[in-house]
Amino acid sequence: MAATGAAVGLGNIWKFPYLTGEHGGSAFVLVYIVCVAALGIPMMMAEVMLGRRGRQTPVNTLRTLAAEAKVSQGWQVIGWCGTLAGMLILSYYSVIGGWTLAYILYSATGTFSGITGEGASALFNQFVQNPAAQIGWHTAFMIMTMYIVARGVQSGLEKAVQYLMPALFGLLLVLVAYATTTGYFWQGLTFLFTPDFSQLSGTSMLTAMGQAFFSLSLGMGTIMIYGSYVPKGTSIASTSVSIALSDTLVALLAGMAIFPIVFANGLEPRAGPSLIFETIPVAFGHMTGGLLFGTLFFLLLLVAAWTSSISLIEPAVTLLIENYRMTRLRAAWWCGMVTWLLGFGTAFSFNLWAQVRVFGMTFFDNLDFLTSNLMLPFGGILIAIFAGWLLSPDTSRTELNIASPWGYSLWRVLIRYVAPVAVSVVLLHAIGVL
Ligand code: TRP
């Protein structure tokens with residue numbers, strides 16, 4: 001449940017639709033689904049397994065397991081790189097979490113009532129162009145996250161996930177139902193599900209793969225931490241499959257809700273990060289009970305973002321606690337401060353620094369590319385090699401404890417050969433080496 005809470009977040013409802021739009025739809029979706037199934041699930045099993053065996057912050061888990069496998073302590077780099085990636089991701093995740101907070105307010109005060117696509121775009125632009133507002137909402141979201149992390153009361157929030165996730169799911173269905181009334185539902189479905197490979201560049205493939213890692217929270221040690229709480233008897237394989245299935249379903253439903261609205265209102269599928277904030281208000285602005293449903297929707301999206309944000313910074317906080325003997329409060333304070341300051345770069349990417357480009361991209365785009373498309377896949381390759389080649393087969397067989405011998409062999413082939421090779425090829429191809 002907790003890992004599902006960490007997996008389902010802004011990545012599914014905000015990021016997946018806008019990346020799909022930017023990369024031309026269906027072919028991107030197909031690559032994404034293949035990556036989730038063939039790479040995501042075995043990698044998630046590997047991470048849960050390593051976490052359950054190591055039972056510490058990722059850096060120390062790797063230290064323990066490297067010693068056990070009699071390999072170099074250099075493998076700790078997986079933990080360090082992942083811990084850093086988590087903070088980098090949270091710095092921008094928090095800005096978008098702030099957007100969600102603001103949109104709860106807009107919705108509750110009736111701002112969306114009767115709004116057109118154009119009106120929603122104008123509202124969003126006005127909102128992001130105000131740097132002070134961006135910092136304010138980012139700060140509010142960071143405080144919410146660090147409050148939970150500092151108190152170490154994740155379990156309370158995770159229990160809430162049990163009820164709130166199904167509720168979010170229900171509201172997504174309401175949105176999809178609305179989408180069927182726009183007259184553009186089929187056009188939306190075609191865009192999502194009729195593969196058009198002419199749209200598929202190397203960068204699109206890398207982005208689809210990176211998004212699979214991002215959405216499942218893989219490649220940085222979050223899942224290792226959750227794995228360390230998984231009881232011995234639990235089946236790692238079925239847990240991983242069910243997390244991946246719910247995560248993907250939520251993303252696809254979000255896409256099915258959003259693209260019909262995009263086409264019906266003459267909006268731009270390539271709008272980028274603003275996409276859901278320009279489309280979802282239109283839907284709630286036109287349905288009966290939209291005020292209530294809309295407010296509830298952004299509220300639940302906030303909770304989904306919240307449970308994910310906690311998991312992004314937990315590796316850094318537990319590292320300070322375990323290795324530098326800090327109290328949880330102090331550790332949370334320091335990690336939170338650094339991440340919060342870094343978030344200014346993203347908050348300003350949409351206003352003051354919108355024209356500042358490095359490699360042709362804004363600060364936010366660079367940060368996103370670096371983390372999702374480079375750091376997570378790189379961490380993934382190393383985790384796959386560690387779990388597939390260095391951990392003894394006896395260990396992985398016992399830990400995974402898959403009933404059918406065929407299932408274990410499949411996992412082993414995927415983690416030893418398919419995952420490292422496929423991820424490397426896509427990575428090298430996109431950065432122009434292959
Ligand atoms: N998966 C989350 C989402 O889709 C974000 C997230 C949480 C994440 N923990 C992570 C992404 C670890 C990468 C790595 O919103």
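All ligand and atom numbering here is 1-based and tracks the order in the structure. The residues of the chain are indexed from 1 along the displayed sequence. Side chains are part of it too, since the values below use all heavy atoms of this structure and drop only hydrogens, waters and symmetry mates.
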Note to self: Side chains of Ser215 and Lys15 only: does a donor on one sit below 3.5 Å from an acceptor on the other?
What the structure shows: no
Checklist line | Ser201 and Ser204 side chains, donor-acceptor separation under 3.5 Å | finding: yes
Checklist line | Tyr93 to ligand 1, any heavy atom closer than 4.0 Å | finding: yes
Note to self: Please determine whether any non-hydrogen atom of Ser215 lies less than 4.0 Å from an atom of ligand 1.
What the structure shows: yes
Examine [X] against ligand 1 and note whether any of their N/O atoms are separated by less than 3.5 Å.
{"X": "Leu10", "value": "yes"}
{"X": "Gly11", "value": "yes"}
{"X": "Ala7", "value": "yes"}

Check: Are Tyr103 and Phe298 close enough that their ring centers fall under 6.0 Å?
Finding: yes
Contacting atoms of ligand 1, where contact means under 4.0 angstrom from a heavy atom of [X]:
{"X": "Leu376", "answer": "13 (C)"}
{"X": "Asn12", "answer": "4 (O)"}
{"X": "Gly9", "answer": "3 (C), 4 (O), 15 (O)"}

Check: Do Arg53 and Glu47 meet the salt-bridge criterion of a basic N to acidic O distance under 4.0 Å?
Finding: no
[atom] [closest protein heavy-atom partner, distance rounded to 0.1 Å]:
{"atom": "atom 9 (N) of ligand 1", "answer": "Ser311 OG, 3.0 Å"}
{"atom": "atom 11 (C) of ligand 1", "answer": "Phe214 O, 3.1 Å"}
{"atom": "atom 6 (C) of ligand 1", "answer": "Ser217 OG, 3.6 Å"}
{"atom": "atom 12 (C) of ligand 1", "answer": "Met220 SD, 3.2 Å"}

Margin query: Ignoring hydrogens, what is the shortest heavy-atom contact between Thr371 and Asp368? Give both atom names and the distance.
Written below: OG1-O, 3.2 Å
Check: Of the non-hydrogen atoms in Ala6 and Thr222, which two are nearest, and what is the gap between them?
Finding: CB-CG2, 4.5 Å
Notebook entry, point to check: Quick check: does any side chain N or O of Thr395 sit under 3.5 Å from a backbone N or O of Leu391, one acting as donor and the other as acceptor?
Noted result: no
Item checked: Member of Trp99, Phe127, Phe277, Phe124 meeting the ring pair (Phe, Tyr, Trp, His ring centres under 6.0 Å) criterion with Phe350 -> Trp99
